[in-house]
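Just so it is clear, the model here is predicted, and its values are computed rather than measured.
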Amino acid sequence: MFKRNTRPSAWRAGGRAAGWSAVLLALATPTWAGDGPAILKAPSDLTAGIAAMPQIAAPADDAERRINAAVKRLDAKALEAARECKSEGGQYDYWERAVDAPMRGPRFLSYVITDSWLCGGPHPNSNTMSIVYDLTTGAPVDWTTLLPASLTGKLALAEGPGRTRMVTLASKTLHALYLAGYRPKTAGPKTDDADKECREAVTETYDGQPPAMMAWLDAKAGGLAVQFDLVHAVQACADTVVIPVATLRREGARPLLADALEAAHAQAVK
């Protein structure tokens with residue numbers, strides 16, 4: 001998925017510190033549920049290099065308590081996966097996790113979780129998962145109630161290496177919007193071979209079927225972020241593309257989703 005980890009251990013240590021600082025900065029602003037602000041708190045790392053899932057501080061209702069309980073379960077699963085990695089790996093094995101919350105209300109709370117690990121294999125791996133919660137119910141969102149069928153396409157449940165589960169969307173229209181926003185070309189130097197390889201990798205389909213894509217809400221970018229997995233050789237090509245809220249409206253996204261994104265974006269860019 002994105003931000004693949006293929007760098008040496010020295011980079012991992014620095015990247016982990018920088019990533020955690022970014023998370024703390026992102027969590028310094030409040031979220032808004034249905035009737036008032038809620039603030040995310042960032043607990044201490046679960047263990048060295050494994051960030052804990054931010055929780056809603058002083059949850060105001062059952063919905064917010066359900067979200068906190070859910071993210072605690074994700075923490076427990078991450079620790080279990082890290083322990084198994086250590087038992088399988090050798091001297092240089094590691095497991096790291098970074099967490100971001102790019103949408104913190106109104107109505108929706110997005111988490112993006114990136115796991116990076118080496119468990120005795122020939123090369124390190126990285127994987128990103130996303131979960132979007134409805135702050136009024138405490139449950140993961142049902143994309144079919146927020147996006148038209150042309151964008152949701154075929155839904156499936158995917159599980160990441162840290163046992164995080166998420167719903168993926170496989171839609172030709174969604175994939176086309178991803179490609180339209182992928183690495184916009186400029187009047188600069190001619191596209192190099194590596195860039196050409198990436199464009200081919202993200203365009204490729206299997207038996208004409210669109211890729212299974214993860215989606216989350218990004219307040220700062222003001223849209224629906226989408227991404228999908230690629231084979232290890234071209235993992236670095238799997239950029240995140242944000243579909244602007246104006247495009248979502250044109251494609252038939254529900255006003256509830258579009259309005260929440262616009263309000264969050266207005267707060268994020270102040």
Side-chain angles (χ1 to χ4, degrees), residues 1-6 15 19 22-23 26 51 53 74 96-103 108-117 124-133 140-141 143 146-147 150-185 194-195 197-206 209-245 247-248 251 253 257 261 264-265:
M1 296 181 172
F2 73 82
K3 297 180 182 176
R4 307 294 170 183
N5 190 335
T6 58
V23 170
M53 294 287 292
L74 294 178
E96 297 175 350
R97 182 175 77 161
V99 185
D100 192 14
M103 173 82 171
F108 304 109
L109 171 60
S110 292
Y111 288 108
V112 180
I113 306 161
T114 302
D115 291 293
S116 302
W117 71 95
N125 293 280
S126 184
N127 177 270
T128 298
M129 304 290 284
S130 63
I131 305 176
V132 182
Y133 290 99
V141 299
W143 289 114
L146 300 172
L147 298 173
S150 60
L151 292 183
T152 58
K154 181 180 179 181
L155 278 69
L157 187 64
E159 181 172 300
R163 296 185 177 84
T164 303
R165 291 185 175 186
M166 68 175 184
V167 172
T168 59
L169 315 175
S171 154
K172 290 183 178 181
T173 301
L174 190 65
H175 187 212
L177 291 172
Y178 176 90
L179 295 177
Y182 185 81
R183 298 189 182 183
K185 294 183 179 180
D195 187 68
E197 182 182 19
C198 281
R199 292 182 186 278
E200 291 175 350
V202 297
T203 302
E204 184 178 3
T205 60
Y206 300 92
Q209 297 303 308
M213 308 184 78
M214 73 175 74
W216 66 90
L217 306 179
D218 189 314
K220 186 175 182 179
L224 180 75
V226 289
Q227 188 190 31
F228 59 98
D229 201 9
L230 292 170
V231 297
H232 190 273
V234 289
Q235 279 183 345
C237 299
D239 298 356
T240 299
V241 170
V242 177
I243 301 171
V245 67
T247 302
L248 295 175
E251 294 292 334
L257 176 67
L261 270 171
H265 181 63

Step-by-step side-chain contact (heavy atoms from CB on, under 4.5 Å) determination, T128 to Q227: CA-CA 9 Å; T128 298; Q227 188 190 31; 4.3 Å; yes

Pair W117-N127, side-chain contact (heavy atoms from CB on, under 4.5 Å): steps then yes or no: CA-CA 9 Å; W117 71 95; N127 177 270; 3.6 Å; yes

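- Between K220 and P102, every side-chain heavy-atom pair lies at or beyond the 4.5 Å cut-off.
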Between F228 and T168, does a side-chain contact (heavy atoms from CB on, under 4.5 Å) hold up when you go through it step by step? CA-CA 9 Å; F228 59 98; T168 59; over 6 Å; no

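- In this structure the side chain of L74 never reaches within 4.5 angstrom of the side chain of Y111, judged on heavy atoms.
- Note: R199 CZ to L179 CG = 10.0 Å, rounded to the nearest 0.5 Å.
- The two atoms that bring S126 and T114 nearest to each other are OG-CG2, 3.7 Å, heavy atoms only.
- Of all the heavy atoms in M103 and A264, the pair that sits closest is SD-CB, 3.5 Å.
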Pair W143-V132, side-chain contact (heavy atoms from CB on, under 4.5 Å): steps then yes or no: CA-CA 10 Å; W143 289 114; V132 182; 3.8 Å; yes

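- C198 places a side-chain heavy atom less than 4.5 Å from the side chain of Y182.
- In this structure the side chain of L177 never reaches within 4.5 angstrom of the side chain of V226, judged on heavy atoms.
- R97 places a side-chain N or O within 3.5 Å of a backbone atom of A51 that can act as its donor or acceptor partner.
- Under the 4.5 Å side-chain criterion, counting only non-hydrogen atoms from C-beta, E251 is in contact with T173.
- The distance from the CE atom of M213 to the CG atom of L169 is 8.5 Å, given to the nearest 0.5 Å.
- Note: I113 CD1 to S130 OG = 8.5 Å, rounded to the nearest 0.5 Å.
- Rounding to the nearest 0.5 Å places CG of L224 at 5.5 Å from CG of L248.
- Between the side chain of S171 and the backbone N or O of S150 there is at least one donor-acceptor pair closer than 3.5 Å.
- No side-chain heavy atom of M214 sits under 4.5 Å from any side-chain heavy atom of V112.
- The side chain to side chain donor-acceptor pair (under 3.5 Å) test applied to Q209 returns no partner, not counting sequence neighbours.
- In this structure, the separation between CH2 on W216 and OG on S110 is 9.0 Å, given to the nearest 0.5 Å.
- Applying the salt bridge (Lys or Arg N to Asp or Glu O under 4.0 Å) rule to R183 yields the partners D195, D239; only residues at least two apart in sequence or on another chain are considered.
- When every heavy atom of H175 is checked against every heavy atom of P210, the shortest pair comes out as CB-CB, 4.3 Å.
- Going from atom NE2 of H265 over to atom CG of L217 covers 13.5 Å, rounded to the nearest 0.5 Å.
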